[in-house]
Amino acid sequence: MKNILFIHQSAELYGSDKTLLLLLKNLDKNKFKPIVLLPFDGPLKEALENENIEVVIAPVLKLYRKLFTPKNLIGFFKDIKAAFKIVNKLHKKYQFTLIYSNTLAVLLGIMFAWKNNIKHLWHVHEIIEKPSLFKKAFVGLLSLKSNTHIVYNSQATKVFWELNKNIINKGVVIWNGIEINTPESSTSELFDIRKNLFLAQPNEIILALVGRISRWKGQMILLDAFNNLVQKNENIKLVFVGAPPPNQEKFQEDLEERIASFKLNDKVLIIPFQNEIHKIWQAIDIAVVPSTEPEPFGMVAIEAMLAHKPIVGSNHGGLTEIIENNATGFLVTPNSVQDLVIALEKLIQNELLRKEMGEKGYLRVTTAFSVEQYVDSFEKFFEKI
């Protein structure tokens, strides 16, 4: 039995939260015992505990942009002391053979591994182009000898970070997986979602962007494209599903102002994140992932494909490894409103094309992104190291 400490920077159920939950739910508990450290309570903690996985709340020493102020730095050093006290106690009890840090934002794992000479694995879900100072800092951290192994969620992420010889020999790519046996919602359930949650008319074609409302997820560019599309297509509706990160509510406020300026309040809807997201995917018609910066992977893309939905996504980052252009959807020039309009117009006007692409997408997910492949790859990697 190998005892592994998993450290994660959130307790929500967005992309990297889901990948961690999926891995730990399906990990062979006869070979590996996971102990999870989270910074606060939330739906991820509840979901893990429902799987009888021990969860401990502690500071995870998260790196963030406003850290470098006198007040925040003082708090950070206090958190180091508190975190080490908790992890020392856990290590004394379990004698961890590996520390797994999920996302680059978590610094506790690498610090504790270095001090206690424990192997450390960084599961990298990010492509961080800006600010350049952060990029340089993370390259330095990934290069440390105490960071013994790296798992990247896509080839695009791997290529982005492998900038020196101290990183190149450490990393492997393991694509994220998804549970294939998602329950099918009934026709009445989907009708109810479309009518009462989306406030859509029966004949409306629903476009959806699911994810954080943020600077680079593409909500604004999709809204601009939709504003063009709605001039010729009265039977369409746009739904944004998600919320901004904490303390970044300005992104949603700006989006709401732009919707109002286009006079699209009856055609565009913002709804909060939904726990049963598979029902949302099953209820929409076209998925859109118009990220203005490269997606490291693109979990929402495989979620939509599992629901037999066609996807229009930006032609960069991990999306290029998921979406097969002109087969499961369309890859469009990043930041191009015109390209987005052209691709979406094809799907809006052609129900048969939507169905064909959706079926091909489902087949791709079940063959390339199954949970079995995802967990098996990790178990083999854990055994190897």
Side-chain angles (χ1 to χ4, degrees), residues 182-213 217-243 252-290 300-301 303-313 328-330 332 337-359 361-362:
T182 303
E184 285 288 333
S185 302
S186 67
T187 302
S188 60
E189 280 184 298
L190 298 182
F191 179 82
D192 183 65
I193 290 170
R194 291 173 69 95
K195 179 182 178 182
N196 297 316
L197 185 61
F198 297 162
L199 307 179
Q201 297 301 316
N203 68 325
E204 284 187 311
I205 297 167
I206 298 175
L207 288 63
L209 191 168
V210 176
R212 286 285 199 188
I213 298 176
K217 284 294 185 179
Q219 281 89 2
M220 285 296 191
I221 193 168
L222 176 55
L223 181 61
D224 288 348
F226 184 82
N227 187 47
N228 285 327
L229 289 163
V230 81
Q231 308 304 321
K232 296 189 297 180
N233 302 275
E234 294 183 357
N235 65 325
I236 59 174
K237 185 149 195 172
L238 174 59
V239 178
F240 294 112
V241 183
Q252 181 165 337
E253 293 168 5
D254 290 345
L255 183 61
E256 289 170 344
E257 288 179 9
R258 188 77 153 267
I259 293 168
S261 72
F262 286 149
K263 296 182 173 56
L264 290 175
N265 293 85
D266 61 334
K267 284 287 186 179
V268 182
L269 194 65
I270 301 174
I271 63 175
F273 176 77
Q274 305 291 303
N275 286 329
E276 294 184 304
I277 198 66
H278 66 278
K279 293 184 178 181
I280 299 298
W281 287 124
Q282 291 169 17
I284 65 106
D285 297 294
I286 302 169
V288 195
V289 193
V300 293
E303 289 178 346
M305 288 160 68
L306 184 63
H308 303 259
K309 304 303 174 182
I311 305 178
V312 176
T328 65
F330 295 111
V332 299
V337 172
Q338 182 180 5
D339 281 12
L340 200 53
V341 168
I342 292 170
L344 288 170
E345 184 84 54
K346 290 177 182 177
L347 290 169
I348 290 167
Q349 296 295 333
N350 194 330
E351 183 179 358
L352 180 60
L353 181 63
R354 295 199 299 270
K355 183 175 177 59
E356 288 177 348
M357 286 187 162
E359 292 305 315
Y362 177 79

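The model shown is predicted, which means the values in this text are computed figures rather than measured ones.
- Residues Val312 and Leu207 form no side-chain contact, since every pair of their non-hydrogen atoms from C-beta on lies 4.5 Å or further apart.
- Taking all atoms of both residues into account, the shortest heavy-atom contact from Ala200 to Ile206 is CB-CD1, 3.8 Å.
- Proximity of Val230 to Leu238: side-chain heavy atoms (C-beta onward) are nowhere separated by under 4.5 Å.
- There is a side-chain donor-acceptor pair under 3.5 Å between Asn233 and Gln349.
- Pairs of residues two or more places apart, or lying in two chains, that qualify as side-chain hydrogen bond (donor to acceptor under 3.5 Å, both in side chains) and include a residue from residues 262-273 are Glu204-Lys267.
- Looking at every heavy atom in both residues, Arg354 comes nearest to Leu347 through NH1-O, 2.7 Å.
- Smallest separation of non-hydrogen atoms from Val300 and Val210: CG1-O, 3.3 Å.
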Query - Chi angles and distances behind the side-chain contact (heavy atoms from CB on, under 4.5 Å) call for Leu340, Leu222 - result: CA-CA 8 Å; Leu340 200 53; Leu222 176 55; 4.2 Å; yes
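- Distance check: Leu223 CG to Glu256 CD gives 11.5 Å after rounding to the nearest 0.5 Å.
- No side-chain heavy atom of Leu344 sits under 4.5 Å from any side-chain heavy atom of Ile236.
- Every residue two or more places apart in sequence or in another chain that forms a side chain to side chain contact (heavy atoms under 4.5 Å, CB included) with Leu199 is listed here: Lys237, Leu269.
- The two residues Pro290 and Leu209 have their closest heavy-atom pair at CD-CD1, 3.4 Å.
- Among residue pairs with one or both ends in residues 220-236, those qualifying as salt bridge (charged side-chain N to carboxylate O under 4.0 Å, His left out) are Asp224-Arg258, Lys232-Glu345; sequence neighbours excluded.
- In this structure, Lys309 NZ and Thr328 OG1 are separated by 14.5 Å, a value rounded to the nearest 0.5 Å.
- Around CD of Glu359, the count of heavy atoms belonging to other residues, nucleotides or ligands within 6.0 Å exceeds 12.
- For the pair Val239 and Ile284, the minimum side-chain heavy-atom distance is 4.5 Å or more.
- Partners of Phe198 by ring pair (Phe, Tyr, Trp, His ring centres under 6.0 Å), not counting sequence neighbours: none found.
- Applying the salt bridge (charged side-chain N to carboxylate O under 4.0 Å, His left out) definition to pairs two or more places apart or across chains, those involving residues 270-284 are Glu189-Lys279, Glu276-Lys279.
- Here the CZ atom belonging to Phe226 is positioned 6.5 Å from the CG atom belonging to Leu264, to the nearest 0.5 angstrom.
- Note that CZ of Phe330 is 5.0 Å distant from CG of Leu353, once rounded to the nearest 0.5 Å.
- The CG atom of Leu229 lies 9.0 Å from the CD atom of Gln231; values are rounded to the nearest 0.5 Å.
- Side-chain contact between Ile342 and Lys346 is present, with heavy atoms from C-beta onward closer than 4.5 Å.
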Requested in this report: Report the C-alpha separation of Gln219 and Ile270 in whole Å, then their side-chain angles, then the decisive distance to 0.1 Å, and conclude whether the side-chain contact (heavy atoms from CB on, under 4.5 Å) test is met.
Outcome: CA-CA 10 Å; Gln219 281 89 2; Ile270 301 174; over 6 Å; no
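- Taking every heavy atom of both residues into account, Val332 and Ala343 meet most closely at CG1-CB, 3.7 Å.
- Residues Gln282 and Thr182 have side chains in contact (heavy-atom distance under 4.5 Å, counting atoms from C-beta outward).
- Residues passing the ring pair (Phe, Tyr, Trp, His ring centres under 6.0 Å) test with Phe262, sequence neighbours excluded: none.
- In this structure, the side chains of Leu306 and Tyr362 come closer than 4.5 Å at one or more pairs of heavy atoms.
- Residues Arg194 and Asp285 have side chains in contact (heavy-atom distance under 4.5 Å, counting atoms from C-beta outward).
- Here the shortest heavy-atom pairing between Pro310 and Met357 reads CB-CB, 3.8 Å.
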